[in-house]
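For clarity, every value in this text was computed on a predicted model and none was experimentally measured. First listed ligand is number 1; within each ligand, the first listed atom is number 1.
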Amino acid sequence: MIELKDIDVIFSNDDKVVTAVKDVNITVDRGEIFGIVGYSGAGKSTLVRTINLLQPPTQGTVTVNGQEMQKLSKKELRGARKKIGMIFQHFNLMDSRTIFDNVAFPLKGSGLSKDEVAHKVAELLDLVGLEEKTDNYPSQLSGGQKQRVAIARALANDPDVLLCDEATSALDPKTTSSILDLLRKLNEQLGLTIVIITHEMSVVKDLCHRVAVMEDGHVLEQGSIVDMFTNPQKSLTKEFINTATHFDQEIGLVLTHPMIQNIDENGEIIRLSYVGDETTKPILSNLVREFDVNVNILYGHVEILQNTPIGNMLIAVEGTSENVDKVIEHLENSDVSTQRFNDLVKEYVKREG
Ligand SMILES: Nc1ncnc2c1ncn2[C@@H]1O[C@H](COP(=O)(O)OP(=O)(O)O)[C@@H](O)[C@H]1O
Ligand SMILES: [Mg+2]
């Protein structure tokens, strides 16, 4: 559906040269929700603007819907852009126009009659749950409602693709999740392909099928949301994930809690991460039975991503040092991935200082 191939974007102003995007290769399938996560300045907005050539790449090719965008004539490009909707952090509505006029705006020049436009706008406002607000002005709407208007407007020309640039970053958590629910509904009902860029992993984790992590213009890694959450390769990815799952916060709490001091000297604290079927297996009771150790749960959390349960647990294992070693060996040979507390703390301290 969307293919970004070997994309570079280089800005040269006066004597300053900024490489905003470097060597990026991303393909997004039809009907997919694809997330791009990175901190401010990573190059996300620049990259996403290459999809509709609002930002022509310095290097590389952009293909959308089988059309190589850079080869289109001006007129063809205008047509192609109509099939790529876009929404932004600050909604970009026209404040002096009614909600109706805002949504009808992209239909100018579409050849639709006045009645047909009215019908289309009513349909779009119904889709985003704002049919009552047609005669209101943007200033009379909440942030979430404004974003719904922006979504209705972006869908006016029945696009195949919706690009979302930090679309929920100005919204509170509850409104954010209602907008994400709406995007999911549009994806499922209309088959809309969605690219969503954000600095928050929590935004993509329940919504996206695949995700790419960006830093300094590069894509560090990309993959399915389940793979990224269970087997992240780069420390930046781990950082985003630990923030989204609150794992860092929990480690911080566990680290400073007196119970750590009370674990006996042969005891080991271990992080267990497990996916899918492993979450339903009696891992802990097996350890206790087989290795004659005590197991204490310090922290536990299960998350369901793309219908796949993902578990994270911090346990203290106490027993003879021989048995504790056997437990760790046993876990390391199972499908549960393990990390010893000391390694965990090292990573944590590196991230949190
Ligand atoms: N028009 C521009 N001219 C010069 N530099 C730019 C321009 N647009 C973006 N940049 C620079 O490119 C880099 C990436 O910016 P951007 O794509 O906005 O990142 P993000 O959306 O991830 O915050 C930043 O260093 C930014 O300052
Ligand atoms: Mg940006």
Side-chain angles (χ1 to χ4, degrees), residues 2-28 33-62 64 69-70 77 81 84-93 143 146-147 150-151 153-154 161-173 175-176 179-180 183 193-205 207-208 210-223 225 228 232 234-241 243-244 351:
I2 301 171
E3 187 185 10
L4 301 174
K5 199 161 182 296
D6 301 326
I7 301 289
D8 289 355
V9 179
I10 299 167
F11 295 110
S12 328
N13 304 319
D14 306 327
D15 53 347
K16 241 181 80 192
V17 176
V18 178
T19 304
V21 174
K22 185 74 190 154
D23 293 332
V24 170
N25 285 284
I26 285 178
T27 55
V28 180
I33 310 183
F34 193 95
I36 300 174
V37 184
Y39 288 123
S40 177
K44 308 181 297 298
S45 295
T46 306
L47 179 65
V48 86
R49 285 159 53 83
T50 65
I51 295 173
N52 51 14
L53 290 198
L54 280 181
Q55 174 61 60
T58 316
Q59 204 63 251
T61 51
V62 178
V64 181
M69 298 291 277
Q70 291 119 311
L77 181 59
R81 279 185 177 151
I84 306 174
M86 195 160 183
I87 58 172
F88 307 90
Q89 178 171 4
H90 297 296
F91 326 123
N92 300 11
L93 301 179
K146 285 183 199 169
Q147 195 58 287
I151 291 170
R153 179 185 57 185
V161 178
L162 181 65
L163 308 176
C164 311
D165 189 345
E166 300 279 359
T168 59
S169 297
L171 305 174
D172 61 65
T175 310
T176 292
I179 294 293
L180 299 180
L183 293 177
T193 304
I194 299 179
V195 178
I196 180 160
I197 65 184
T198 172
H199 63 284
E200 287 178 303
M201 190 61 105
S202 59
V203 165
V204 298
K205 89 180 161 69
L207 184 66
C208 294
R210 283 191 301 144
V211 57
V213 176
M214 270 190 94
E215 184 180 44
D216 291 337
H218 292 273
V219 169
L220 286 184
E221 59 181 315
Q222 54 180 317
I225 199 88
M228 292 289 248
K234 304 286 184 196
S235 73
L236 180 66
T237 313
K238 291 179 190 169
E239 184 174 316
F240 276 117
I241 288 165
T243 310
R351 281 195 302 271

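Leu171 approaches Thr176 most closely through the heavy-atom pair O-OG1, 3.4 Å.
One N or O on the side chain of Gln70 and one on the backbone of Val62 form a donor-acceptor pair closer than 3.5 Å. Between the side chain of Asn25 and the backbone N or O of Asp6 there is at least one donor-acceptor pair closer than 3.5 Å. Judged purely by atom type and a 3.5 angstrom limit, Glu3 has no side-chain atom pairing as donor or acceptor with the backbone of Thr61.
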Return a table of donor-acceptor pairs under 3.5 angstrom between the side chains of residues 42-57 and protein atoms on other chains or two or more places apart.
{"unit_1": "Lys44", "atom_1": "NZ", "unit_2": "Gly38", "atom_2": "O", "d": "3.0"}
{"unit_1": "Lys44", "atom_1": "NZ", "unit_2": "Tyr39", "atom_2": "O", "d": "3.0"}
{"unit_1": "Ser45", "atom_1": "OG", "unit_2": "Asp165", "atom_2": "OD1", "d": "3.3"}
{"unit_1": "Ser45", "atom_1": "OG", "unit_2": "Asp165", "atom_2": "OD2", "d": "2.7"}
{"unit_1": "Thr50", "atom_1": "OG1", "unit_2": "Leu47", "atom_2": "O", "d": "2.5"}
{"unit_1": "Asn52", "atom_1": "OD1", "unit_2": "Leu54", "atom_2": "N", "d": "3.2"}

N/O to N/O under 3.5 Å, ligand 1 against protein:
{"unit_1": "ligand 1", "atom_1": "17 (O)", "unit_2": "Thr46", "atom_2": "N", "d": "2.9"}
{"unit_1": "ligand 1", "atom_1": "17 (O)", "unit_2": "Thr46", "atom_2": "OG1", "d": "2.5"}
{"unit_1": "ligand 1", "atom_1": "19 (O)", "unit_2": "Gly43", "atom_2": "N", "d": "3.1"}
{"unit_1": "ligand 1", "atom_1": "21 (O)", "unit_2": "Ser45", "atom_2": "N", "d": "2.9"}
{"unit_1": "ligand 1", "atom_1": "21 (O)", "unit_2": "Ser45", "atom_2": "OG", "d": "2.8"}
{"unit_1": "ligand 1", "atom_1": "22 (O)", "unit_2": "Ala42", "atom_2": "N", "d": "3.1"}
{"unit_1": "ligand 1", "atom_1": "22 (O)", "unit_2": "Gly43", "atom_2": "N", "d": "3.0"}
{"unit_1": "ligand 1", "atom_1": "22 (O)", "unit_2": "Lys44", "atom_2": "N", "d": "2.9"}
{"unit_1": "ligand 1", "atom_1": "22 (O)", "unit_2": "Lys44", "atom_2": "NZ", "d": "2.8"}
{"unit_1": "ligand 1", "atom_1": "23 (O)", "unit_2": "Gly41", "atom_2": "N", "d": "2.6"}

With side chain to side chain contact (heavy atoms under 4.5 Å, CB included) as the criterion, how do Ile179 and Ile151 come out once you've worked through the C-alpha distance, each side chain's angles and the decisive distance to 0.1 Å?
CA-CA 10 Å; Ile179 294 293; Ile151 291 170; 4.3 Å; yes
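At least one N, O or S atom of Ser45, from either the backbone or the side chain, sits less than 2.8 Å from the Mg ion (ligand 2).
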